[in-house]
**Q** 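Below is one structure. I have some questions about it.
Chain letters run A, B, ... following the sequence lines, proteins first and then strands; every chain starts at 1. The model shown is predicted, which means the values in this text are computed figures rather than measured ones.
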Protein chains: 2
Amino acid sequence: MATLKYSRQRESIKTNLMQRKDHPTADMVYSDIRIEYPNISLGTVYRNLALLTELGEIQKISSIDGPDRYDGQAKPHNHFVCKKCGKIVDVMNTPMDSLMKSMSSDFEGLVEECNITFYGVCKECAQKEGLI
Amino acid sequence: MATLKYSRQRESIKTNLMQRKDHPTADMVYSDIRIEYPNISLGTVYRNLALLTELGEIQKISSIDGPDRYDGQAKPHNHFVCKKCGKIVDVMNTPMDSLMKSMSSDFEGLVEECNITFYGVCKECAQKEGLI
DNA sequence: GTGGGTGCAAACCGTTTGCACACCA
DNA sequence: TGGTGTGCAAACGGTTTGCACCCAC
């Protein structure tokens, strides 16, 4: 049961996410898709984003403030989220080995599987606020 | 302007957070404070938690799902948040040096200042779900 | 007395869900 | 035709906010 069926809406959402290089919110994707499918509903966008995330075809990124963001890049990688402006930057090649060592033994062997999100202040915002 | 005035509500919230060793939600703090101040409102709790966070006296921790959590521990440290059960574990002594090297040069010198939150699946949940 | 703090309730915002209809297989 | 997907709108949960009153200074 619950066999996956084709839908052009889901296809369009996936394609949109794969093509763009930013990390849009559900609403930003919704705006884009509505150009091609004016009747699509925001609920459908959320449902498909959740489904694609579950399938591992996209990544969901939680922000500290504001709405969640999505990443169409298939290759697993991590993110840096700016607390001030919400900007998201891809972080590749995180040194997992040294991270692992610092984690309590409760989590040994598990961190490897995780998507890690770093929060902080990006250079631009730090300069604006005189933190740098 | 905006001079900080004493309030026993804020004092009580701060004390409550400092004494406990878990990472409660605003609502959990609210429940506790109501024992001493039955008329306190949830809005006041949120206002004071935000204020204390801004003052750097407590830490706000964003969860992937569910409500934000708060940490009364003054010493800066990082967190591991379990995606499955929401459990939060303190992570001390993160190897910042190796992390820094892996970050893009856009953020060099800034990551050191950040609270980092690791997301993943805790050992217990991983065992429950057969991931381990 | 003045201006910040509180309690209350309504509003807010992102997200989820129930339902009837549409469409893929 | 059977069952999954959609559009719509209402509901939801956590959080914020406007307002009148209260209280620290």
**Q** Quick one: are Leu4(A) and Leu51(A) in side-chain contact, heavy atoms under 4.5 Å?
**A**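 The answer is yes, as the side chains (C-beta and beyond) meet within the 4.5 Å cut-off.
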
**Q** Is the phosphate of dC23(C) approached by Gln9(A) (side-chain N or O, under 4.0 Å from OP1 or OP2)?
**A**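 The answer is no; no side-chain N or O of Gln9(A) sits under 4.0 Å from OP1 or OP2.
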
**Q** Ile40(A) CD1 to dC8(D) P: how many Å, rounded?
**A**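 In whole Å, dC8(D) P lies 10 Å from Ile40(A) CD1.
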
**Q** Rounding to a whole Å, what distance do you find between Arg10(A):CZ and dA25(C):P?
**A**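 Going from Arg10(A) (CZ) to dA25(C) (P), I get 10 Å.
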
**Q** Taking protein heavy atoms under 4.0 Å as touching, what does nucleotides 10-25 of chain D look like 5' to 3' if B marks base contact, S marks sugar-phosphate-only contact and - marks none?
**A** ----SBBBB-----BS

**Q** Does any non-hydrogen side-chain atom of Pro24(A) lie less than 4.5 Å from one of Leu17(A)?
**A**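 Yes, their side chains come closer than 4.5 Å.
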
**Q** Using a cut-off of less than 4.0 Å, is there contact between a side-chain N or O of Asn39(A) and OP1 or OP2 of dA22(C)?
**A**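 No.
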
**Q** Rounded to whole angstrom units, what separation is found between the CD1 atom of Ile13(A) and the C1' atom of dG7(D)?
**A**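 Those two atoms, CD1 and C1', are 13 Å apart.
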
**Q** In whole angstroms, how far is the C1' atom of dG5(D) from the CG atom of Leu52(A)?
**A**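 The distance from CG of Leu52(A) to C1' of dG5(D) comes to 13 Å, rounded to the nearest Å.
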
**Q** Between P on dG5(D) and CG on Leu55(A), what's the gap in Å once rounded to a whole number?
**A**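 Distance, rounded to whole Å: 10 Å.
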
**Q** Considering all heavy atoms of both residues, which atom of Tyr30(A) and which atom of Ile40(A) are nearest to each other, and what is their separation?
**A**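 Distance-wise, the nearest heavy atoms are CE1-O, 3.3 Å.
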
**Q** What is the minimum heavy-atom distance between Asn48(B) and Ile13(B), and which atoms define it?
**A**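 Taking Asn48(B) first and Ile13(B) second, the nearest heavy atoms are CB-CD1, 3.7 Å.
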
**Q** Rounded to whole Å, please give me the gap between CG in Leu49(A) and P in dT6(D).
**A**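 About 11 Å, once rounded to whole Å.
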
**Q** Strictly below 4.0 Å, N to O, side chains only: are Arg69(A) and Asp22(A) in salt-bridge contact?
**A**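 No, no charged N to carboxylate O under 4.0 Å.
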
**Q** Whole-Å distance between dT6(D) C1' and Tyr30(A) OH?
**A**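 About 12 Å, once rounded to whole Å.
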
**Q** Could you tell me whether the side chains of Ser12(B) and Thr15(B) share a donor-acceptor contact shorter than 3.5 Å?
**A**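 There is no such pair between these side chains.
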
**Q** Can you tell me the distance, in whole Å, between the CG atom of Asn48(A) and the P atom of dC24(C)?
**A**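 Asn48(A) atom CG is separated from dC24(C) atom P by 14 Å.
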
